[in-house]
Amino acid sequence: MSEAPAPRSALVALFIRELQIGRRIGGGASLGVVFFLILVTLTPFAVGPDLVLLARIAPAILWIAGLLATLLGLDRLFQADHEDGSLDLLLMSRAPIELIVLVKCFAHWLLTGLPLVLAAPFFGLMLALPANQIASVALSLLAGTPALTLIGAIGAALTVSLRRGGLLLAVLILPLCVPVLIFGVAAASGPSDSAAPFLILCALTLFALVGAPIAAGAALRRMGE
Amino acid sequence: MQLSVSGLSVERGGRIVFSALSFTLQAGESLVVTGRNGAGKSSLLRALAGLLPSAEGAISYAPASDEPLYEMTHYVGHADALKSALTARENLAFFAAALGAGRGGCSPETALDAFGLGRVAALPCAYLSAGQKRRVSLAKLLVAKRPLWLLDEPTTALDAASQETMTKVMQAHLNEGGMIVAATHASLDLAARELRLGAAA
């Protein structure tokens with residue numbers, strides 16, 4: 001164990017810890033999917049049983065539901081660590097805080113974002129999503145939800161010490177998610193011969209992958225003041 | 001190894017908590033920080049840990065080290081930093097990897113045994129008593145070797161036997177050339193100098 005370079009093994013240990021906690025506390029992943037299901041189920045009741053209309057707006061509904069379901073558990077991303085004091089410990093660990101943020105986001109996405117991606121094709125059927133779009137919706141969610149988690153992490157870091165930070169998190173983060181939403185829906189519903197929206201979506205995720213850990217890390221460092 | 005603090009001021013929420021604080025600590029020495037509530041004991045420890053930026057002054061080690069302050073120190077704060085869903089052993093294994101990988105320290109099992117927690121090692125921390133949680137939290141001092149220990153009320157919730165264990169552990173750390181800064185209202189049974197933080201606002 002002592003052979004591995006120190007920061008890496010700290011990050012591996014953090015990743016394992018996050019998955020263990022997520023698995024044991026339970027409810028996290030399945031709850032997000034259930035919330036996703038409820039949002040998708042409510043839409044036909046609101047819009048009416050017009051299959052043509054539903055099929056047309058299905059990618060948008062799946063994306064908005066995915067966005068809201070992703071936000072669901074994000075407020076606890078750093079707050080739980082802040083409350084029990086382990087955030088101090090993470091700040092004092094041998095790994096840089098930016099990488100710690102990245103590892104926590106990755107574990108969080110595996111537990112909440114990935115189940116949404118896997119569930120989306122089935123929920124698409126409930127919205128009469130055309131068969132040829134099912135794959136593109138799932139693919140766009142796979143490429144886009146990591147960006148949502150990462151952008152959300154900035155909000156989670158900024159609201160870490162607020163008792164009721166969840167709502168503020170949503171208010172802060174949802175406007176920043178607009179580009180992801182626009183290109184996500186475009187990639188999911190656009191003509192399959194144009195790859196541009198999907199590539200821009202991937203670019204947004206890569207941008208968030210670099211920028212969000214730096215922003216969230218800076219917010220967490222200043223938290224003690 | 002020497003820790004020197006010169007002219008340190010710490011500000012919280014726009015209020016100076018304490019100012020122009022200077023002291024030095026040699027290897028093997030311990031310092032007990034006393035003072036009434038609000039005098040800035042915890043703020044001093046957090047500043048020494050690098051968790052709270054200092055408004056003025058400097059904290060330095062001699063010989064100079066490349067490592068930032070927070071990698072030189074163990075910080076035991078009011079919160080135990082334990083995850084209630086994980087067992088005591090898993091919590092400690094994480095501390096060992098996060099805080100000390102590659103620089104010695106004993107195994108989580110040995111550390112738990114040192115604090116008499118061998119029997120509860122496999123229990124999730126949610127089921128431990130306050131004193132047991134405190135002991136698990138203190139056991140992290142042993143799984144990673146760091147020269148400066150910053151202890152904020154370390155003996156809270158500990159029974160007499162555990163306090164004695166803690167005294168032994170601290171004495172052993174000092175004998176190895178470590179340093180301890182502890183903020184406490186209780187006496188620690190150590191040959192420690194006392195730093196009294198005054199004038200609370």
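Convention: sequence-line order gives letters A, B, ...; per-chain numbering from 1. It should be emphasised that the depicted structure is a prediction, and the values quoted were computed from it without experimental measurement.
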key: Heavy-atom closest contact (B:R146 atom, A:R94 atom, distance)   = NH2-CG, 3.7 Å
ask   = If you look at every heavy atom in A:L89 and B:K140, which pair is closest and at what distance?
value = CD1-NZ, 3.6 Å
task = State whether the number of non-hydrogen atoms from other residues, nucleotides or ligands found under 6.0 Å of A:L167 atom CG is greater than 12.
result = no
task = Please state whether the side chain, the backbone, both or neither of A:L90 comes within less than 4.5 Å of a heavy atom of chain B.
result = side chain
Shortest non-hydrogen separation from B:A97 to A:S9 and the atoms involved = CB-O, 4.0 Å
query = When you check the gap from the basic side-chain N to the acidic O, do A:R17 and B:E90 get nearer than 4.0 Å?
reply = no
key: Spacing of CG belonging to A:D84 relative to CG belonging to B:D80, to within rounding of 0.5 Å   = 9.0 Å
task = Check B:T87 against A:R24 and note the closest heavy-atom contact, atom names and distance.
result = N-NH1, 4.1 Å
key: CZ/B:F23: more than 12 non-hydrogen atoms of other groups inside 6.0 Å   = yes
request  = Quick one: pull up OH in B:Y75 and CG in A:L91 and give me the separation to the nearest 0.5 Å.
outcome  = 11.5 Å
ask   = Tell me, which pairs form a ring pair (Phe, Tyr, Trp, His ring centres under 6.0 Å) where one or both residues lie in residues 74-106 of chain A, sequence neighbours left out?
value = A:F15-A:F106
remark   = In short, B:A98 meets A:S93 closest at the heavy-atom pair O-CB, 3.2 Å
Output a table of donor-acceptor pairs, distance under 3.5 Å, between side-chain atoms of residues 49-56 of chain B and any protein atom two or more places apart or on a different chain; print 'none' if there are none.
none

request  = Select one option (side chain, backbone, both, neither) describing which atoms of B:T73 are under 4.5 Å from chain A's heavy atoms.
outcome  = both
